[in-house]
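The shown structure was predicted, so the numbers you read here are calculated from the model rather than taken from an experiment.
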Amino acid sequence: MKPKFTSVLLDSTQLDYDQNPLWERISSYQIDQAHVIIPFSRKLAQTEGWTRRFCLLAIEEYKKFVYLCCISKNGASPSIVVDKVWHMHLLYTTEYWKEFCPKILERELHHFPNVGGINDYHKHQDWYLETLKLYINIFRQNPPEVFWRIPKEIIP
């Protein structure tokens with residue numbers, strides 16, 4: 001079922017993301033822990049074959065995606081790159097479930113992958129398009145194409 005795009009009903013604290021306490025917590029969140037030998041970003045870069053710079057920028061896009069998930073009634077659907085960051089974060093189970101979700105997001109954020117089939121494919125495509133529209137609405141810019149596949153039909 002295609003969700004209705006209801007993000008225009010967001011309140012001013014959500015639309016003014018840079019003043020929102022949730023965004024402040026997410027944006028200041030340090031996914032790399034100082035006391036570990038191989039920090040998250042290095043592990044992610046090694047696993048995916050990404051440069052350190054690309055990896056750090058992908059993590060910033062992941063943070064934007066997480067914010068969209070939390071403020072949208074329908075949640076959000078990640079790009080392939082963002083999904084890879086999220087998958088790696090989920091592997092750090094203690095950090096993700098005991099620190100990030102309760103202390104940063106102040107809620108649980110579950111991952112619901114595509115289970116296959118044409119209906120699920122279309123559902124996720126619809127959600128992805130709505131996520132891109134929400135991204136443009138909230139962050140007042142187009143999502144960077146290096147991290148997000150941008151269909152022609154949503155660019156103004």
Side-chain angles (χ1 to χ4, degrees), residues 2-33 39-45 47-93 95-114 123-156:
K2 182 176 179 180
K4 284 190 167 187
F5 186 60
T6 57
S7 298
V8 292
L9 301 176
L10 296 172
D11 66 36
S12 62
T13 62
Q14 293 164 325
L15 289 169
D16 294 330
Y17 74 96
D18 53 347
Q19 303 298 314
N20 186 299
L22 172 62
W23 174 250
E24 290 174 7
R25 290 191 308 275
I26 292 170
S27 65
S28 63
Y29 170 69
Q30 297 298 312
I31 203 163
D32 282 336
Q33 297 171 335
F40 178 90
S41 63
R42 185 171 167 198
K43 173 85 171 174
L44 180 63
T47 300
E48 297 301 332
W50 295 344
T51 65
R52 175 155 172 75
R53 176 169 167 66
F54 184 89
C55 189
L56 294 175
L57 292 172
I59 290 169
E60 292 306 310
E61 289 303 308
Y62 168 65
K63 289 178 179 184
K64 289 178 181 178
F65 162 74
V66 167
Y67 180 73
L68 297 178
C69 284
C70 291
I71 67 165
S72 173
K73 176 179 151 185
N74 296 321
S77 187
S79 68
I80 291 170
V81 171
V82 169
D83 198 43
K84 289 180 180 199
V85 178
W86 195 8
H87 279 235
M88 181 64 71
H89 199 188
L90 286 165
L91 292 176
Y92 287 68
T93 57
E95 165 59 25
Y96 186 84
W97 290 112
K98 303 259 186 212
E99 298 295 324
F100 184 66
C101 286
K103 295 179 181 172
I104 303 300
L105 305 183
E106 297 179 350
R107 61 168 278 190
E108 291 183 349
L109 181 60
H110 292 275
H111 187 286
F112 297 102
N114 184 328
K123 176 180 75 173
H124 279 271
Q125 287 301 108
D126 290 342
W127 287 350
Y128 184 74
L129 289 174
E130 299 306 332
T131 298
L132 295 176
K133 291 174 188 176
L134 183 60
Y135 186 110
I136 292 166
N137 192 20
I138 296 298
F139 299 112
R140 297 183 264 312
Q141 64 183 7
N142 289 335
E145 290 186 51
V146 69
F147 301 109
W148 297 87
R149 181 186 51 79
I150 313 295
K152 291 178 282 206
E153 61 265 23
I154 70 148
I155 302 298

Under 30°, 30 to 60°, or over 60°: which ring-plane class applies to [X] and [Y], parallel, tilted or perpendicular?
X: F100; Y: Y96; result: tilted
X: W86; Y: Y62; result: tilted
X: Y17; Y: W23; result: perpendicular
X: W97; Y: H110; result: tilted

So, for [X] and [Y], which heavy atoms are closest and what is the spacing to 0.1 Å?
X: R149; Y: L132; value: O-CD1, 3.6 Å
X: C101; Y: L109; value: SG-N, 3.7 Å
X: L22; Y: N20; value: N-OD1, 2.7 Å
X: P143; Y: I136; value: CD-CG1, 3.8 Å
X: K98; Y: K103; value: O-CE, 4.0 Å

Check your understanding: side chain to side chain contact (heavy atoms under 4.5 Å, CB included) between V85 and F147: does it pass, once the steps are laid out?
Key -> CA-CA 11 Å; V85 178; F147 301 109; over 6 Å; no
Practice item. Would you check, one step at a time, whether the test side chain to side chain contact (heavy atoms under 4.5 Å, CB included) holds for N142 with W148? Key: CA-CA 9 Å; N142 289 335; W148 297 87; over 6 Å; no
Check your understanding: Does any non-hydrogen side-chain atom of E61 lie less than 4.5 Å from one of P144?
Key -> yes
Point to revise | Contact check, side chains of E48 and C55, non-hydrogen atoms, under 4.5 Å | key: no
Check your understanding: Do S41 and R52 get their side chains close enough for a donor-acceptor pair, meaning under 3.5 Å?
Key -> yes
I need the [X] [atom1] to [Y] [atom2] distance, nearest 0.5 Å.
X: L68; Y: N74; atom1: CG; atom2: CG; answer: 12.0 Å
X: S77; Y: D126; atom1: OG; atom2: CG; answer: 10.0 Å
X: E60; Y: S27; atom1: CD; atom2: OG; answer: 8.0 Å
X: R25; Y: K63; atom1: CZ; atom2: NZ; answer: 13.5 Å
X: L134; Y: K73; atom1: CG; atom2: NZ; answer: 13.5 Å
X: H89; Y: I59; atom1: NE2; atom2: CD1; answer: 9.5 Å

Point to revise | Worked verdict on Y135 versus F65 for side chain to side chain contact (heavy atoms under 4.5 Å, CB included) | key: CA-CA 8 Å; Y135 186 110; F65 162 74; over 6 Å; no
Point to revise | CZ/R53: more than 12 non-hydrogen atoms of other groups inside 6.0 Å | key: no
Exercise for review: Test Q33 against F40 for side chain to side chain contact (heavy atoms under 4.5 Å, CB included), laying out the working first.
Suggested key: CA-CA 7 Å; Q33 297 171 335; F40 178 90; over 6 Å; no
